[in-house]
Participant: 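Quick one: the structure is below, and I'll ask about it shortly.
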There are 2 protein chains.
Amino acid sequence: MLAAMTDRDGRLAIGELAARSGLAPSALRYYEEMGLIHSERTTGNQRRYPRTALRRVAFVRAAQQVGLSLEEVRAALDRLPVDRAPSATEWNAVARTWQLRIDARIGELERLKERLTGCIGCGCLSLRKCRLYNPGDAAGSQGPGARYLEGDPLPES
Amino acid sequence: MLAAMTDRDGRLAIGELAARSGLAPSALRYYEEMGLIHSERTTGNQRRYPRTALRRVAFVRAAQQVGLSLEEVRAALDRLPVDRAPSATEWNAVARTWQLRIDARIGELERLKERLTGCIGCGCLSLRKCRLYNPGDAAGSQGPGARYLEGDPLPES
DNA sequence: GCTTGACCTCAAGCCTCCTTGAGGTTGCAG
DNA sequence: CTGCAACCTCAAGGAGGCTTGAGGTCAAGC
């Protein structure tokens, strides 16, 4: 029982994968249902994950940190092999997309911070002058709505 | 009808606030219910928002970008005056918290990116060597689980 | 061979952040 | 004064990302 529930082939039972990835089994089943990871079944219908699942799970978690939805992660993972470690080339392709994403996000945050600092500097928070209001570069980010505060004919508030 | 639905006092009807903030009226009612914005009512029970609501809504959206939950935003907003523009000092206090948050987030992303780059460099993605697996610094971030992949006695996969 | 814990499959529930809809009221233009 | 858009409330629904629970099976230790 203490020994890992692992095949001689090194395949992992769901509990094992859960323990190693730090996720709940339920989450792993969910990921599998979403097509993020894949398993084979034993004769008794239990899941057995290839070791690569460990990598894929780590990838998923990391991607979520960057703000990707599981759907987006799936799209990215679909470009990596299911059964073996990715080649440098394969990995490269995926990672490139990611880095763009990360850079974009960092950029957004930095611009936000800058605007915030500007606001502190001016101490105004006036609707007209303050760049915190609809910077105009948040387009395409998350959330509905247009946020077109800037340029409105508003008196100071 | 074309003229803004605005008091002579400059207070905004919900539709007006919605149009100017780019959010749906339903979202604004929700925000109000959450205590993020406040309104007075007309004799006919319609909401009238002070102009400061515009600022507060902008604040909320910006905060969401940084990854704050509405609850956290509420906590931050509670430190700003409801009825007037915040003073530089008041704003400073709030903004400081924010910047820390932004910096932290940027830091996370940069570390992630770095690890990712390292992975490309080594081309390995090995469970032992690759820093993408449980970096050990994701603690306290969102999501359940411990993610303690690193340091596991794993053969190369 | 039995017990016990890990596993299985649904289905339902939960949290956040809203949207949608039904049914009814208000308020401004004409 | 009427008509219609905008507003109101309250209840339900929905997406994303899981968890929980019921009811049942599998497999390893004794």
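Numbered from 1 within each chain, the chains take letters A, B, ... in sequence-line order.
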Participant: Roughly how many Å is it from CG in B:N45 to C1' in C:dG24, rounded to a whole number?
Facilitator: 12 Å
Participant: Under 4.0 Å from OP1 or OP2 of C:dC17: is there any side-chain N or O of B:Y31 that close?
Facilitator: no
Participant: Below 4.5 Å, heavy atoms only, C-beta onward: do A:L23 and A:R61 meet side chain to side chain?
Facilitator: yes
Participant: Any side-chain N or O of A:Y30 below 4.0 angstrom from OP1/OP2 of D:dG16?
Facilitator: no
Participant: Between B:R29 and B:E33, is the closest basic N to carboxylate O distance under 4.0 Å?
Facilitator: no
Participant: Output the rounded distance in Å from CG (B:L17) to C1' (D:dA6).
Facilitator: 14 Å
Participant: Check the distance between D:dC7's P and B:Y49's OH and give it to me in whole angstrom.
Facilitator: 10 Å
Participant: Please list, in numerical order, the residues of residues 67-77 of chain A that have a heavy atom closer than 4.0 Å to any atom of DNA chain D.
Facilitator: A:S69, A:L70
Participant: Hydrogens and angles aside, do A:E32 and A:Y49 bring a side-chain donor and acceptor to less than 3.5 Å of each other?
Facilitator: yes
Participant: Below 4.0 angstrom from OP1 or OP2 of C:dG27, is there any side-chain N or O of B:T42?
Facilitator: yes
Participant: Looking only at side-chain N and O atoms, does B:R41 come under 4.0 Å of OP1 or OP2 in C:dT26?
Facilitator: no
Participant: Could you tell me if the side chain of B:K113 sits less than 4.5 Å from the side chain of A:D103, heavy atoms only?
Facilitator: yes
Participant: Considering the options A:R47, A:R48, A:Q46, A:R11, which one meets the side chain to side chain donor-acceptor pair (under 3.5 Å) requirement together with A:E40?
Facilitator: A:R11
Participant: Which heavy atom of B:V57 sits nearest to which heavy atom of B:S21, and what is that distance?
Facilitator: CG1-CB, 3.6 Å
Participant: Between A:T43 and A:L28, name the one whose nearest nucleotide on DNA chain D is closer to the 5' end.
Facilitator: A:L28
Participant: According to salt bridge (Lys or Arg N to Asp or Glu O under 4.0 Å), who are the partners of A:R101, at least two apart in sequence or on a separate chain?
Facilitator: A:E72
Participant: Under 4.0 Å between a side-chain N or O of B:R48 and OP1 or OP2 of C:dT26?
Facilitator: no
Participant: A:E33 CD to C:dT9 P: how many Å, rounded?
Facilitator: 10 Å
Participant: Might you list the N or O atoms of the protein lying below 3.5 Å from N or O atoms in nucleotides 10-13 of chain D, with each pair's distance?
Facilitator:
none

Participant: To the nearest 0.5 Å, what is the distance between CD on A:Q65 and CG on B:L109?
Facilitator: 8.0 Å
Participant: Going by side chain to side chain contact (heavy atoms under 4.5 Å, CB included), B:L36 matches just one of B:R74, B:R56, B:E71. Which one?
Facilitator: B:R74
Participant: Return the nearest nucleotide to the side chain of A:Q46; candidates are C:dT9, D:dT20, C:dC7.
Facilitator: C:dC7
Participant: Can you identify which nucleotide, out of D:dC7, C:dT9, C:dT19, has its nearest atom closest to the B:I14 side chain?
Facilitator: D:dC7
Participant: Distance check needed: C:dA6 C1' versus A:R20 CZ, whole Å only.
Facilitator: 17 Å
Participant: Starting from P on D:dC7, measure out to CG on B:L12 and report it in whole angstrom.
Facilitator: 11 Å
Participant: Has B:R105 got a side-chain atom pairing as donor or acceptor with B:V66's backbone, closer than 3.5 angstrom?
Facilitator: no
Participant: Taking CD from A:E16 and P from D:dC26, how many angstroms apart are they, rounded to a whole number?
Facilitator: 22 Å
Participant: Rounded to whole Å, please give me the gap between CZ in B:R11 and C1' in D:dA6.
Facilitator: 17 Å
Participant: Between A:R47 and C:dT9, is there a contact of a side-chain N or O with OP1 or OP2 at under 4.0 Å?
Facilitator: yes
Participant: Taking for each residue the nucleotide of DNA chain D bearing the nearest heavy atom, is the 5' side occupied by A:R29 or by B:P25?
Facilitator: B:P25
